[in-house]
Structure formats: structure tokens, C-alpha cells
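A, B, ... follow the sequence lines: proteins, then strands. Residue 1 opens every chain.
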Number of protein chains: 2
Amino acid sequence: MSPKWDVLSRTCPSRTSLARIANKWTAMIVITLADGPQRFGGIREALDGISGKVLTSTLRDLERDGLLRRTAYAEVPPRVEYELTPLGHTLHGPLEALARWAEEHIPEVLEARDEFDGQAVRG
Amino acid sequence: MSPKWDVLSRTCPSRTSLARIANKWTAMIVITLADGPQRFGGIREALDGISGKVLTSTLRDLERDGLLRRTAYAEVPPRVEYELTPLGHTLHGPLEALARWAEEHIPEVLEARDEFDGQAVRG
DNA sequence: TCCATTGGTTACCTTGAGGTAATTGATTAC
DNA sequence: GTAATCAATTACCTCAAGGTAACCAATGGA
């Protein structure tokens, strides 16, 4: 389709972009926001274990790439909502597929690991 | 489907697995091997910029998870081939979709970045 | 009066990812 | 003889990712 871009090429911007979207936190955030806007605290709770600092910077990066929109309300205490942009929504399918792969194939992965580690000990 | 696994849960093994597959090098390697077996040097060349050490350890991790098979031939100089397992092939679709997303949407991403950075200067 | 609230930001530290360079080993070509 | 070959491994180094903890600001409620 577009021979201009190639993620395998070191200097191609799409490779940088791939690095951002092919990423644990990105996937989890996009999946969490797929159903609708969420507040900062809600995302943090959904992601179960991410630190505030990392969540802040990750959200900022995704906002910068146009994947989500940040809306801060002038209230006290602060209220900030994050929602996927249309561009961000187009990413949800592929990332959801990836997450579902991880969930569906985890038994095979765990079994492969056991076998590999067992052979390593014997070898 | 399988309520037993949840990538959003901190302690779920599938979350670790997601971290491995939602990863720049994993995506590029699986895509490279999708067309057939490749030798170590061939993969290294295709990935354009990866160091030997990192490629070795990444391939080892993927082998451990059952995504690819390593075949070493007792020749001199050594010849080692890597190929996707059936399990690895099931991962190709989702990762290819992700790579294609990066290539197809890079103009929008770059534009979003420009706008974001421009506003940051003004703000 | 004082504290909890919320979404940061900052300073500081630890961990790990990833790069470079040297070395291994048997054979072939020079 | 000896240089080149290929896939690793190892030691060593650097840099960035990411965690912790303290702090902030305006308001409402105890």
C-alpha cells in the first residue's frame, strides 16, 4: 500500500511509532479507554500496579501522538478525563487482538516454558 | 471466553506474556520470520540495527515461550536457523496488523506531534 | 482548625535494557 | 601459516525506564 514507510527500517518514523504502540502500557491503556472516557484515578486503578509518574508520562506520550484527548476541568480537587480520539479507536482492534492472544494462549506458553527450562537443566 | 485470565491484572501470567509479545523486537522478528525460516545473520540484517547480543537473548526468550524453533547445524562455520512454530504463526496476524497500523497512520501521528509540540511552546 | 481529596510534578534512587568489543571453534581459501 | 567465516557468549559500560516519596493547590466537611 504505502511503500514509503517500513517499520523494519531503522530510520523510518513508523518504527518509532511501532515501538510506542507495541508496548505493554499502551495496550492496557487503550483497552481500558475503549469503552469510554475515564478519569486519571480510574485508569490507574484499572491498570493495577502502574505508578502515578509512569501513568502520567505514558498518557502524555499518547496524547502527543494524537491517540487520546485530555480534558482538565477547573475544579478542586482536580478532575481530568482521558478519552480515545478517533485515531486512538482505530488502534483498539489490533491491541485487543494482542491482549486476547495473550489470554487465550497462556497455557501453551507456560507449557513451552516448563519444557524449555526442564531441558536446560538436563542439557 | 476464558474469565480465568486477565491481562489487566497485575498477577496474571498473561500480563507477563503480553509484555513479551507487545514489544518492538518481538513484532519485527515475528514479521520477519512469517515468510519462512531465516538464519541468525539474515534476521539481524532484516531488523536493521539490532545488536547481536540483544537479538540472541530475544530469540532465546521467544524460543522459551514456544513461539519459534531453533535449529543448529553441526557445521563450520555454524549455521543456525529460526522458524516460527504453529503457535508463533498464530501471533503473526495481530502483530502484522499492528505494524501496518504504524505504517498507515504515521502521517496522522506526525501531524499530531507537531500540533502538540507547537501548543506546548505557546502554552 | 485541620484533614482528605485529586492529578499532577519533582528529586532521588534502583533496576534493567541494550550497546561495544573481545573471544571461541573448525574449516576453507589464499 | 593465516585470515575469514558465523553464531554465540562474556565482561563492561551507559542510559533510560520506572518506582518511591514528598509536596502543591482550593474547597468542603468533621
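- The closest donor-acceptor contact from the side chain of B:Asp48 to the backbone of A:Ser9 lies at 3.5 Å or more, if one exists at all.
- With a 6.0 Å radius and a threshold of 12 heavy atoms from other residues, nucleotides or ligands, B:Glu83 has its CD atom above the threshold.
- Remark: A:Thr71 engages A:Arg69, A:Tyr73 in a side-chain contact (heavy atoms from CB on, under 4.5 Å) (not counting sequence neighbours).
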Which donor-acceptor pairs under 3.5 Å do side chains of residues 51-58 of chain B form with protein atoms, sequence neighbours excluded?
unit_1  : atom_1 : unit_2  : atom_2 : d
B:Ser51 : OG     : B:Val54 : N      : 3.3
B:Thr56 : OG1    : B:Gly52 : O      : 2.9
B:Ser57 : OG     : B:Val54 : O      : 3.1
B:Thr58 : OG1    : B:Val54 : O      : 2.7

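- The side-chain contact (heavy atoms from CB on, under 4.5 Å) test applied to A:Asn23 returns A:Trp25, A:Thr26, not counting sequence neighbours.
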Side-chain donor-acceptor distances from residues 31-44 of chain B under 3.5 Å, at least two apart:
unit_1  : atom_1 : unit_2  : atom_2 : d
B:Thr32 : OG1    : B:Met28 : O      : 2.7
B:Arg39 : NH2    : B:Pro78 : O      : 3.4

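- A:Asp114 meets the side-chain contact (heavy atoms from CB on, under 4.5 Å) test with no other residue; sequence neighbours excluded.
- What separates CZ of A:Arg10 from P of C:dG19 is a distance of 10 Å, to the nearest Å.
- Of the possible polar contacts, none joining the B:Ser17 side chain to the A:Ala102 backbone as a donor-acceptor pair under 3.5 Å is found.
- A:Arg113 is linked by a salt bridge (charged side-chain N to carboxylate O under 4.0 Å, His left out) to B:Asp65, counting only residues two or more places apart in sequence or in another chain.
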Nucleotides 28-30 of chain D: which of its N/O atoms have a protein N/O under 3.5 Å away?
none

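- Partners of A:Glu45 by salt bridge (charged side-chain N to carboxylate O under 4.0 Å, His left out), not counting sequence neighbours: none found.
- Summary of helix geometry: the two end axes of the helix from C:dT1-D:dA30 to C:dC30-D:dG1, each defined by five base pairs via their C1' atoms, are inclined to each other by 20° (rounded to 10°).
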Should A:Glu75 and A:Arg79 be marked as a salt bridge (charged side-chain N to carboxylate O under 4.0 Å, His left out) after you check the CA-CA gap, both sets of side-chain angles, and the distance that decides it?
CA-CA 6 Å; A:Glu75 301 173 0; A:Arg79 180 164 63 98; 3.0 Å; yes
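- Counting to the nearest Å, the P atom of D:dA8 and the CG atom of B:Asp61 are 13 Å from each other.
- Contacts between residues 20-35 of chain B and DNA chain D, defined by a heavy-atom separation below 4.0 Å, involve no residue at all.
- The backbone N or O of B:Leu8 sits less than 3.5 Å from a side-chain atom of B:Arg15, completing a donor-acceptor pair.
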Sort me out a list of protein N/O and nucleotides 4-10 of chain C N/O pairs below 3.5 Å, or just none if empty.
unit_1 : atom_1 : unit_2  : atom_2 : d
C:dT6  : O3'    : A:Arg39 : NH2    : 3.4
C:dT6  : O3'    : A:Pro78 : O      : 3.0
C:dG7  : OP1    : A:Arg39 : NE     : 3.1
C:dG7  : OP1    : A:Arg39 : NH2    : 3.1
C:dG7  : OP2    : A:Gly41 : N      : 3.2
C:dG8  : OP1    : A:Arg70 : NE     : 3.3
C:dG8  : OP1    : A:Arg70 : NH2    : 2.4
C:dG8  : OP2    : A:Tyr82 : OH     : 2.4
C:dT9  : OP1    : A:Arg60 : NH2    : 3.2
C:dT9  : OP2    : A:Arg60 : NH2    : 3.0

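- Partners of B:His105 by ring pair (Phe, Tyr, Trp, His ring centres under 6.0 Å), not counting sequence neighbours, listed by chain and number: B:Trp101.
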